[in-house]
Amino acid sequence: IGVDGSKWTIRDVKVGRRYVWVVVTAHAYSRGGIARYDKINSTWKTWGPEAFGKIDRVDFNSFDAFDDKAFVTLFDAPGGTKIYAFNSSNDSWSSMFSLGIDGGFIRELHYFKDSLYFLVNDVLNTLDSDNQISPIFDCNNCTISTDNNRDRLGIIEWPNVIYIFDEKE
């Protein structure tokens, strides 16, 4: 794939209209990274640990991508969890938000309607295009998902409560 290593473990794959995004897990045989396949030009582009300010390896927590928009979280001790955004104008990644080590752990990251949705300490939050974080509601035992076209965002709170946000809201 172009990400350094002799063996790769794929953690996540997101398929869009133009791009296929792949997250490669870091382990003894790979330093980890992200690869993107351009379906139109039949080319791969890769980003290893250096793209995220790391030297030896990069370990991602959550990832989401939709066409040329991509976001990833990683734990950056001692700074806490960071969200990186892909900048399509220069094919690079930049830190867009940090949550201090005492602030909790970001998980279940999803891009929907120009905002990021994620869970921190069992609270569903949104991060808007101005990088403002807003808690939405308490969400014990939740999981978040989006449909392939990003028309709907679903929050499932076990055992049986489902919330749906759609394009019409």
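Each residue takes its place number in the sequence, starting with 1.
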Worksheet item: Is the shortest heavy-atom distance from the side chain of Phe97 to the side chain of Leu116 under 4.5 Å?
Response: no
Worksheet item: Is any side-chain heavy atom of Ile10 less than 4.5 Å from a side-chain heavy atom of Val24?
Response: yes
Item to complete: Working to the nearest 0.5 Å, report the span between CG of Leu124 and OH of Tyr117.
Response: 8.0 Å
Worksheet item: Just by distance, with hydrogens left out, do Asn41 and Thr43 show a side-chain donor and acceptor under 3.5 Å apart?
Response: no
Discussion item. Quick check on the 6.0 Å ring-centre criterion: do Phe66 and Tyr111 meet it?
Written reply: no
Worksheet item: Is Val120 linked to Phe71 within one hydrophobic cluster, defined over Ile, Leu, Val, Met, Phe, Trp and Tyr using a side-chain heavy-atom separation of less than 4.5 Å?
Response: yes
Discussion item. Please give me the minimum heavy-atom distance between Gly33 and Val58, naming the atom from each residue.
Written reply: N-CG1, 3.8 Å
Worksheet item: Does Met96 offer a backbone N or O that forms a donor-acceptor pair with the side chain of Asn131 under 3.5 Å?
Response: yes
Discussion item. Students often mix this up, so state it plainly: with edges at 30° and 60°, are the rings of Trp93 and Trp21 parallel, tilted or perpendicular?
Written reply: perpendicular
Practice prompt. With rounding to the nearest 0.5 Å, note down the distance linking CD1 in Ile106 to CD1 in Ile83.
Written response: 4.0 Å
Practice prompt. Just do the salt bridge (Lys or Arg N to Asp or Glu O under 4.0 Å) check on Lys14 and Asp64 with the steps written out, would you?
Written response: CA-CA 7 Å; Lys14 302 288 182 185; Asp64 199 19; 3.7 Å; yes
Worksheet item: Do Phe52 and Tyr84 have ring centres separated by under 6.0 Å?
Response: yes
Practice prompt. Determine yes or no for a side-chain-to-main-chain donor-acceptor pair under 3.5 angstrom, with Asp130 supplying the side chain and Gln132 the backbone.
Written response: no
Worksheet item: Side chains of Leu74 and Thr81: does their closest heavy-atom pair fall under 4.5 Å?
Response: no
Worksheet item: What pairs with Asp68 under salt bridge (Lys or Arg N to Asp or Glu O under 4.0 Å), at least two apart in sequence or on another chain?
Response: none
Practice prompt. Over all heavy atoms of both residues, which pair between Ser98 and Lys82 is shortest? Give the atoms and the distance, please.
Written response: OG-CG, 3.4 Å
Worksheet item: Going by heavy atoms in the side chains, are Ile34 and Val72 under 4.5 Å from each other?
Response: yes
Worksheet item: So, for Gly32 and Pro49, which heavy atoms are closest and what is the spacing to 0.1 Å?
Response: O-CD, 3.6 Å
Discussion item. Quick one: does any side-chain atom of His110 pair with a main-chain N or O of Ile144 as donor and acceptor, under 3.5 Å?
Written reply: yes
Worksheet item: Do the side chains of Leu119 and Cys139 get nearer than 4.5 Å, heavy atoms only?
Response: yes
Worksheet, complete the sentence: Note: Arg31 and Ala26 closest approach over all heavy atoms is O-CB, 3.5 Å
Worksheet item: Which atom names give the shortest non-hydrogen contact between Leu127 and Phe118, and what distance separates them?
Response: CB-CE2, 3.8 Å
Worksheet item: Do Asp67 and Arg17 sit within salt-bridge range, that is, some charged N less than 4.0 Å from a carboxylate O?
Response: yes
Worksheet item: Ion pair present between Lys45 and Asp38, side-chain N to carboxylate O less than 4.0 angstrom?
Response: no
Practice prompt. Check whether any side-chain heavy atom of Trp47 lies under 4.5 Å from a side-chain heavy atom of Ser92, and answer yes or no.
Written response: no
Worksheet item: Is a side-chain donor-acceptor pair under 3.5 Å present for Glu108 with Ser62?
Response: no
Discussion item. Between the side chains of Arg36 and Asp91, is the shortest nitrogen-to-carboxylate-oxygen separation below 4.0 Å, so that they form an ion pair?
Written reply: yes
